[in-house]
Amino acid sequence: MQAILDFIKSSRIKSPWLMHFDCGSCNGCDIETLACLTPVYDVERFGIVNVGNPKHADILIVSGTVNHRNKKVLANLYEQMPHPKVVVAIGACGLSGGVFREAPNVVGGIDKVIPVDAYVPGCPPKPEAIIDGVVLGLQKFAEKSLA
Amino acid sequence: MAQTILPFGPQHPVLPEPIHLKLTVEDEIVVDALPALGYVHRGLEKLCDIRDYNQMVQIVERVCGICSKIHAMCYCQGIEEMMGVEVPDRAKFLRVIWSELHRVHSHLLWLGLFADAFGFEALFYQFWKIREKVMDINEATTGNRVIVSVNQVGGVRRDLSAEQLRWIDAELKVVEAQVRALRATTLDDYTVKKRTKGIGVLSSAQAMELGAAGPTLRGSGVAQDMRQLKYAAFDRLDFQPISYPDGDSWSRCAVRYDETLQSIDLVRQAMARLPEGELSVKVKGKPEGEVVTRVEQPRGELLYYLKGNGTNNLDRCRIRTPTFANIPPLVVMLPGLELADVPVVVLSIDPCISCTER
Amino acid sequence: MMSILGFLLALVVGVFVAPILGGLITGLDRRITARIQSRLGPPILQPFYDVAKLLGKEKLLNNSWQAFCAYVYLVAAATSVVLFFMQSDLLLIFFVQAVGAVFLVIGAMSVPSPYSQIGAQRELIQVLTYEPLLVLVLAGIYVHTGTFKISGIYALEEPMLLKLPLLFLVLGYALTIKLRKSPFDISASAHAHQEIVRGVYTEFSGPYLAILEIAHFYEVILILGLVSLFWSTSFVGMLVLVALTYLAEILVDNVSSRMTWRWMVTSAWAVGLTLTLINLLSLTM
Amino acid sequence: MRLGPMVPTVVKNLISKKSTRPYPFVVREPFPDQRGELYCDIEQCIFCGTCARKCPSQCITVDKEQGLWICDPFACVYCGTCEEVCPTHCLHHKGAWRPVAGERQMIEMKGTPPKKKKKDAAKDAAAE
Amino acid sequence: MPIPTKQVTKETLVAEVLQLKNAGWRIVTATCVDLNENEFDLIYHFDKDLQMEHLRLTVPKGAPVPSISGVYLAAFLVENEIQDQFGLCFDGLALNFANHLYLDDEVATTPFCKFGVVRKTAAAE
Amino acid sequence: MHSTLMFILIVLPFLAAIACAVVPVKQVRSAVVVVTGALLVVASLLLIGKVPFETSFTSMAGLPLASMTQLADFLLLGFVLFLGWKHKHLGIKILAGAQLVILFALEAFMMDHHAASMAFVADPLSLTLVLIISIVGSIICIHAIPYMDNHEHHLHLTISRQPRFFAWLVVLLGTMNALVLTNDLLAFYFFFELTTLCSYMLIGHDGTEEATNNSVRALYLGSMGGLALLLGAVFFQNMLGSLEIQEIIKLAPSAGYAMLPMALLCVAAFVKSAQAPFQSWLLGAMVAPTPTSALLHSSTMVKAGVYLVLRMAPGFVDTTLSTYVALFGAFTFLATALLAVSQSNAKRILAYSTVSNLGLIIACAGINTPAATAAALFLIIFHAVSKALLFLCVGTIEQRIESRDIEDMHGLFVRMPVTASLAVIGVLTMILPPFGMLMGKWMAIESAAANVPVIMMLALGSAITLLYWARWAGLLMSHPLQGGVTPEVQPKLTKYPLVALCGGAVLLSLLSPWIYSALIVPMIDMVNLANPQAMFEAPYVTSKGMLGADSGVFPVAPLFLVLIVGMFLGLRVLKNAQGAREASIYLAGAQSRTAQTPDSFVGPVNQPVKVANANYYLTRLLPEGKVTCWVNTAAVLLALLLVVGGL
Ligand code: SF4
Ligand code: SF4
Ligand code: SF4
Ligand code: SF4
Ligand code: SF4
Ligand code: SF4
Ligand code: SF4
Ligand code: SF4
């Protein structure tokens with residue numbers, strides 16, 4: 001029994017399914033996130049699968065600025081993810097609103113709506129940096145699932 | 001007959017960007033589609049009030065990361081026209097090289113996403129694999145993969161060395177060969193044709209009436225391309241717009257496939273004819289007046305309306321992006337299709353919501 | 001009749017070994033698929049990590065009936081595999097397996113989510129497409145061997161493939177649907193996601209999704225078992241046939257786009273029924 | 001109309017070298033002049049504030065009095081404008097990208113404002 | 001230097017647009033410019049064989065403008081956008097998003113006007 | 001003892017009917033129905049121990065049965081003629097007139113009437129039907145008591161028309177019992193016609209225009225069947241000099257020329273079982289109150305048709321006729337299953353499914369091997385029980401939600417947990433192992449496996465069947481995780497019949513190996529007895545609750561064991577699941593965040609939009625009208641082939 005529980009625990013960081021939500025990004029960050037999945041970076045090496053459904057996701061990758069309309073969507077998606085879960089914000093926009101911080105319909109970074117576990121700076125961050133972000137997220141994931 | 005009403009987006013795995021369609025289907029046949037926007041709206045045009053006209057270059061680049069270079073170019077051309085600045089020739093050619101490289105990467109990206117829309121995963125991966133070479137060229141020559149920031153009012157910020165030009169040429173050969181190898185699959189495979197031929201038909205009359213732009217327009221047989229306006233160095237390059245007559249998703253795909261190769265060719269032409277000279281000229285004064293400029297984005301005609309008032313800040317910066325023009329045709333194309341065709345047709349206009357909503 | 005020992009063996013192999021094998025094959029599948037796409041791909045054990053992780057996740061449900069249906073799916077899949085190892089009646093095995101399919105649909109339909117519902121409808125259409133083909137393949141086996149019992153096939157002197165080549169193709173056609181591979185991955189979108197997210201699986205999450213995955217491992221074994229019967233005379237032949245068939249499935253998956261369900265029904269019935277007809281007639285004439 | 005024209009491509013993929021880069025086990029050398037992490041050589045900075053004024057993202061604050069150069073690394077968009085306009089060339093983009101972070105950060109660098117160089121430094125030292 | 005435009009009035013707008021359509025012009029888009037406390041400029045852009053034609057309509061704030069979406073359906077999007085951002089209302093919109101094309105109720109004033117006015121929400125209408 | 005049982009089974013219902021019709025007190029009528037039902041159940045059960053037997057009566061309870069039926073026959077035809085005249089229906093007039101003439105000719109010139117007695121034969125086949133009619137039929141009649149009250153309440157009738165209704169309902173029970181027990185083809189013909197009349201009366205019960213039209217159609221098509229049957233009888237009398245059913249079966253196979261009357265009998269049976277192209281009357285019959293539909297048009301009366309084919313089947317073993325019957329049945333099975341797919345009206349689904357299943361039974365009769373016969377019998381039994389259950393569920397649901405459209409039943413569990421669950425179980429017993437229907441289908445497929453066209457149609461048909469059942473069962477059960485379900489209160493007479501049928505469907509499935517030994521083995525023995533050339537062997541052996549043969553095994557008991565263990569596990573899972581977090585449905589992230597708008601998403605113009613879910617009806621692929629047209633054309637051709645090809 002203990003062995004099974006251990007296996008489950010160790011499996012957690014080996015099978016992070018991620019969902020990507022574009023929260024009003026300029027696409028720069030999104031295409032770099034997508035690039036992570038493609039042959040050259042192939043994050044499936046780490047068991048990472050891009051799922052389109054919050055109910056199947058462990059990691060939520062969010063890019064872009066939060067505005068009044070998409071903040072509700074963001075909150076919905078986060079709520080529909082089963083625990084344990086982590087959020088990785090990518091790009092200047094996702095981190096703070098970036099260059100658009102002062103634009104009229106911008107609320108700000110992702111952490112204004114949901115708690116963020118890893119911040120990946122860049123505009124857009126390179127795919128390698130996004131992988132780093134997911135790795136950092138996974139560390140938090142491991143901590144959370146122990147708790 | 002019983003109807004299913006479902007939200008397609010804002011978060012949907014086939015859409016990298018948030019757009020919402022309220023779909024009404026009967027046995028998976030779409031009977032009604034109503035779009036909802038606003039998930040990406042930032043209001044960035046309004047930033048011209050608090051950022052000077054030079055800073056706006058970086059901001060309009062971020063209208064959309066995929067053709068950032070071309071946005072900046074269009075904007076700079078507008079300001080230059082308003083201020084009467086003549087850009088050095090070398091800068092004009094370099095602008096063409098980078099903008100056509102952007103078109104190559106954008107079209108490859110689209111070809112991949114389009115393949116994904118009809119569930120051809122291996123093809124998706126293949127195109128994205130090829131695309132990485134173009135991204136490497138971007139990164140090596142501009143310092144960034146996606147948002148390259150090479151334009152400035154008055155010229156360009158980076159140069160290409162002779163060695164770099166040779167390297168680009170070699171890399172592009174590989175890219176071209178690999179893209180050509182996928183022609184039969186992209187345009188002639190039975191399963192692909194089944195999913196794209198005759199799906200989402202837009203006649204040329206409809207396309208004109210609904211204001212379609214870019215490959216969506218050219219896929220309906222209207223050979224109109226803003227590069228015919230001969231901005232930048234296009235007056236000194238061989239260029240003929242590509243069009244296909246059928247107006248279906250397949251035609252739009254064929255246009256983009258051919259344009260990928262065409263753009264590689266244009267890069268080569270520009271590299272071959274690249275003149276020596278300055279990269280930029282010093283810009284003096286403050287923009288005043290009105291100007292309308294247009295360039296061809298990977299997704300079609302891009303229009304900037306700029307109005308200066310003699311200060312460092314513009315009075316109005318209005319951006320009409322190609323996807324904005326292609327949304328009405330999309331809404332018209334959807335009814336009567338199968339649900340499975342919705343991603344295909346939505347992707348077939350190469351939607352870019354961040355540019356639509358800015 | 002079977003000895004008690006044989007029965008117990010079948011039970012143990014069917015219940016415990018089969019899913020492990022099924023998981024390994026799925027892992028291998030993902031690896032090969034990745035290589036075909038010029039990627040490195042996940043570790044072979046990835047499916048087990050996935051399932052284990054899912055088992056440890058929070059339980060999230062819309063209604064409890066969903067959970068019930070997931071378990072029935074699992075039990076039905078396991079039962080059909082056990083029956084297979086007991087060399088029971090093929091038709092019956094297949095009907096027992098259909099219990100799982102039906103409960104998956106019912107479970108998905110019990111949630112008013114349009115994606116899940118559309119997935120369920122499509123799953124039903126998939127069942128509608130492959131079921132007749134499978135029944136006809138089994139009927140062909142019956143005509144050839146005189147029995148629906150698997151033991152009857154093992155009694156054959158020469159591989160069934162030689163007499164039923166077209167039916168084997170039909171089986172392949174049907175199994176592509178069952179394995180959720182392109183061009184027929186239309187109800188659950190195991191890899192892709194194009195229009196309906198994860199279709200029938202959309203509203204199952206965490207442990208309940210894990211249950212469905214395990215059930216799918218069983219199904220993979222059942223399907224490959226069925227394939228292996230076509231070369232029942234030698235163990236090596238079986239392995240080779242199964243490996244080649246599976247490779248072919250992966251290849252087809254990677255060189256075709258996903259088709260619509262209308263195309264699936266019409267093409268499967270047109271091609272499948274014609275091939276069946278020819279092969280059956282050649283057998284009965 | 002052809003069936004399976006993709007076959008040669010996938011077979012080639014299967015038997016040829018995979019294109020996956022083994023990041024993070026091997027990290028690729030950055031291209032020259034890549035715009036990675038922004039770095040301020042604070043000793044060279046004269047606190048003129050040009051970078052702060054020109055930055056399109058307005059993420060830099062310069063306090064000439066205190067000798068502070070502050071940058072919000074989460075708002076910087078790596079456009080390189082500041083690097084270009086800095087009169088003393090004390091701003092550089094490193095080749096490598098900025099490392100990911102677990103929480104909000106602020107880069108605050110304290111240098112010595114020009115002119116009153118020695119005097120101020122002595123004052124500061126005395127204050128501490 | 002202003003761009004060459006043809007000045008139209010609210011009354012002649014739709015007729016002019018119809019004329020252009022019949023002559024085979026494609027609508028590119030429309031632009032709204034906040035001129036001062038009392039007026040907007042509405043500029044309509046058309047294209048034919050790479051040539052452009054612009055119509056300029058100067059209107060006082062607060063009064064609705066006739067929609068041209070009856071002539072060019074495609075115009076509904078840009079007119080909705082202007083309605084959202086500038087609070088300028090259009091009469092006879094083919095598809096009216098009632099001030100909610102881009103913006104949610106949280107945005108209380110028209111964001112693109114230098115002299116912002118309170119946005120009318122759908123509920124208020 | 002025989003005579004008492006026969007009296008209860010056949011005559012008592014008629015007496016009860018009279019009581020129902022004349023006593024206007026509701027309580028008395030209810031009591032009469034319940035008591036008659038109970039007596040029928042008891043009598044039919046007692047009959048089990050008696051089979052097989054033959055008996056004949058000159059009179060029963062002092063009534064001269066044989067001569068009475070002869071007289072009644074003419075009266076009946078006269079009445080039908082009158083109805084034809086009343087409804088100005090030329091077809092009915094011609095058919096009834098022709099039958100009158102032919103019957104007169106037959107009675108007057110061709111038969112000798114020395115033995116004016118009525119012969120009955122009870123064998124396992126008739127016993128099976130008697131059990132179904134008496135038990136299932138009675139349960140339906142009892143369920144009708146509260147149902148009709150509600151029904152009339154809805155219609156705001158001032159004068160109850162229930163006496164008439166219940167009278168015809170119970171008359172039918174007696175008629176059917178007589179029909180399956182009689183050994184005389186002419187008597188069979190009379191009862192056959194009588195069921196048509198019952199049908200006419202009950203379909204038209206509500207008196208609306210639609211009801212009247214549909215009842216006339218039923219009468220018209222029914223009369224066609226009657227004519228075919230009568231013609232068949234004339235031929236048999238002419239050729240064999242006998243109208244004794246057992247005699248005909250014995251003599252017929254040796255005589256190739258006897259195929260024409262056999263074929264005519266089959267056609268009569270097809271009409272009664274509403275096989276294509278005659279299905280329209282059964283579809284029309286769905287306007288009737290649900291007990292009528294359940295009793296006449298699904299579980300009992302339509303079985304008269306398949307009974308006739310099965311009864312005569314030993315008479316045409318290994319003939320071309322048999323092949324055609326198999327083809328015809330399989331075709332109807334497939335075609336009407338296709339038609340069922342396009343339906344969202346629950347009663348029409350049930351109707352098409354009935355036709356479809358009867359087609360399957362007829363196909364089995366046509367395959368005409370012992371295994372197929374066994375399959376047919378299983379199908380008859382389990383279809384009757386499950387279908388009755390489903391009909392009664394639909395009736396109950398309809399009275400509550402005032403719709404028969406399955407699209408209106410999404411999440412019915414919340415409103416009617418008991419009925420919804422019962423309906424789901426009913427559906428599952430129709431399509432899944434280890435339940436009896438599926439076992440019947442399993443046997444049918446195994447026995448048809450070598451018959452290429454038939455197996456192809458069966459394979460397609462059974463897949464389609466799965467489709468239209470599963471989607472219905474699926475949509476009933478959606479409900480919120482916690483709370484929200486309102487307990488259901490039902491009158492006892494509504495609830496008990498449902499529960500009894502449901503329990504019956506499950507329990508009988510478990511008992512199927514024993515049913516097989518008790519009913520089917522002796523029946524095959526009887527066939528052998530009746531037909532010395534055919535030396536059939538029992539197709540399956542039963543041991544340890546398993547049905548086995550060389551060709552395959554169906555481990556009923558072990559599967560039930562798995563089922564029980566599975567259920568136990570399932571219930572624990574259900575309980576466990578209560579602890580889960582309740583999730584909102586996936587709506588692409590756009591779900592409305594207010595509690596006032598459940599299952600809604602924020603759509604265009606920022607307004608909440610409620611999601612809608614609908615089944616697929618493939619109406620573009622299979623438009624009902626067009627498909628009906630093709631099906632009917634094909635069926636007419638097949639039927640012609642059957643009549644002509646048999647020669
Ligand atoms: S951070 Fe940069 S690249 Fe990413 S979304 Fe924002 S602007 Fe685009
Ligand atoms: S073009 Fe489309 S797919 Fe590409 S980034 Fe823009 S929105 Fe996304
Ligand atoms: S058109 Fe779309 S893709 Fe191109 S730059 Fe604009 S936003 Fe980006
Ligand atoms: S020259 Fe440099 S230091 Fe002097 S004021 Fe200008 S920017 Fe500041
Ligand atoms: S790189 Fe660009 S955004 Fe970043 S600090 Fe410098 S100027 Fe500002
Ligand atoms: S925060 Fe400032 S210093 Fe840091 S990397 Fe971004 S721009 Fe450079
Ligand atoms: S521009 Fe250079 S010197 Fe001036 S404040 Fe910025 S970093 Fe310091
Ligand atoms: S349309 Fe076809 S099916 Fe309908 S009544 Fe006429 S013939 Fe019969």
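Naming convention: chains lettered A, B, ... in sequence-line order (proteins, then strands); numbering from 1 in each chain.
The contact between F95(C) and chain F is made by backbone and side chain atoms together, counting heavy-atom distances below 4.5 Å. Looking at L559(F), the atoms closer than 4.5 Å to chain C (heavy atoms on both sides) all sit in the side chain, from C-beta outward. For chain F, no part of I150(C) is nearby; none of its heavy atoms comes within less than 4.5 Å. Heavy-atom distances place no part of Y130(C) under 4.5 Å from chain F, backbone and side chain included. Heavy atoms closer than 4.5 Å to chain F are found in both the backbone and the side chain of F68(C). Neither the backbone nor the side chain of L563(F) comes within contact range of chain C; no heavy atom of the residue lies under 4.5 Å from a heavy atom of that chain.
Not counting sequence neighbours, the partners of K178(C) by the salt bridge (charged side-chain N to carboxylate O under 4.0 Å, His left out) test are E219(C). Residues passing the ring-ring contact (aromatic ring centres under 6.0 Å, His included) test with Y173(C) are F184(C), sequence neighbours excluded.
The two residues V135(C) and A459(F) come nearest to each other via the heavy atoms CG1-CB, 3.7 Å. The two residues R471(F) and M109(C) come nearest to each other via the heavy atoms O-CE, 3.1 Å. Residues V562(F) and T79(C) share a closest heavy-atom pair of CG1-OG1, 3.6 Å. Closest approach of I106(C) to A470(F), counting heavy atoms only: CG1-O, 4.3 Å. The minimum heavy-atom distance linking M456(F) with L273(C) is given by the pair CE-O, 3.3 Å. Scanning both residues, P555(F) and L83(C), for their nearest heavy atoms gives CG-CD2, 4.5 Å.
Between L587(F) and Y115(C), the closest side-chain pair of non-hydrogen atoms is not below 4.5 Å. Inter-residue side-chain proximity for V127(C) and L467(F) is flagged as unmet; no heavy-atom pair is nearer than 4.5 Å. By the 4.5 Å heavy-atom criterion applied to side chains, L428(F) and F103(C) are counted as neighbours.
If you look at F413(F) and W65(C), their ring centroids are not closer than 6.0 Å.
Note: E446(F) CD to D89(C) CG = 4.5 Å, rounded to the nearest 0.5 Å. Distance check, rounded to the nearest 0.5 Å: CG of L460(F) to CG of L133(C) gives 8.0 Å. To the nearest 0.5 Å, atom OH of residue Y468(F) and atom CG of residue L124(C) are 13.0 Å apart. Within the model, atoms CG of L476(F) and OG of S110(C) stand 11.0 Å from one another, a figure rounded to the nearest 0.5 Å. A distance of 8.0 Å separates CG of L92(C) from CG of L438(F), quoted to the nearest 0.5 Å.
Chain F forms the most heavy-atom pairs under 4.5 Å with one residue out of V96(C), V102(C), V75(C), and that residue is V102(C). Ranked by heavy-atom pairs shorter than 4.5 Å toward chain F, the options Q66(C), R262(C), Q121(C), E131(C) are led by Q121(C). Highest contact tally toward chain C, considering only P453(F), G461(F), A450(F), is held by A450(F) [criterion: heavy-atom pairs under 4.5 Å]. Contact count against chain F (heavy-atom pairs under 4.5 Å) is highest for P112(C) among A98(C), G107(C), P112(C), A67(C).
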| Chi angles and distances behind the side chain to side chain contact (heavy atoms under 4.5 Å, CB included) call for I464(F), L128(C) | CA-CA 6 Å; I464(F) 296 166; L128(C) 174 70; 3.3 Å; yes

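More than 12 heavy atoms of other shown residues, nucleotides or ligands fall within 6.0 angstrom of atom OH in Y154(C).
Under a 3.5 Å cut-off, the side chain of E203(C) and the backbone N or O of I585(F) do not form any donor-acceptor pair.
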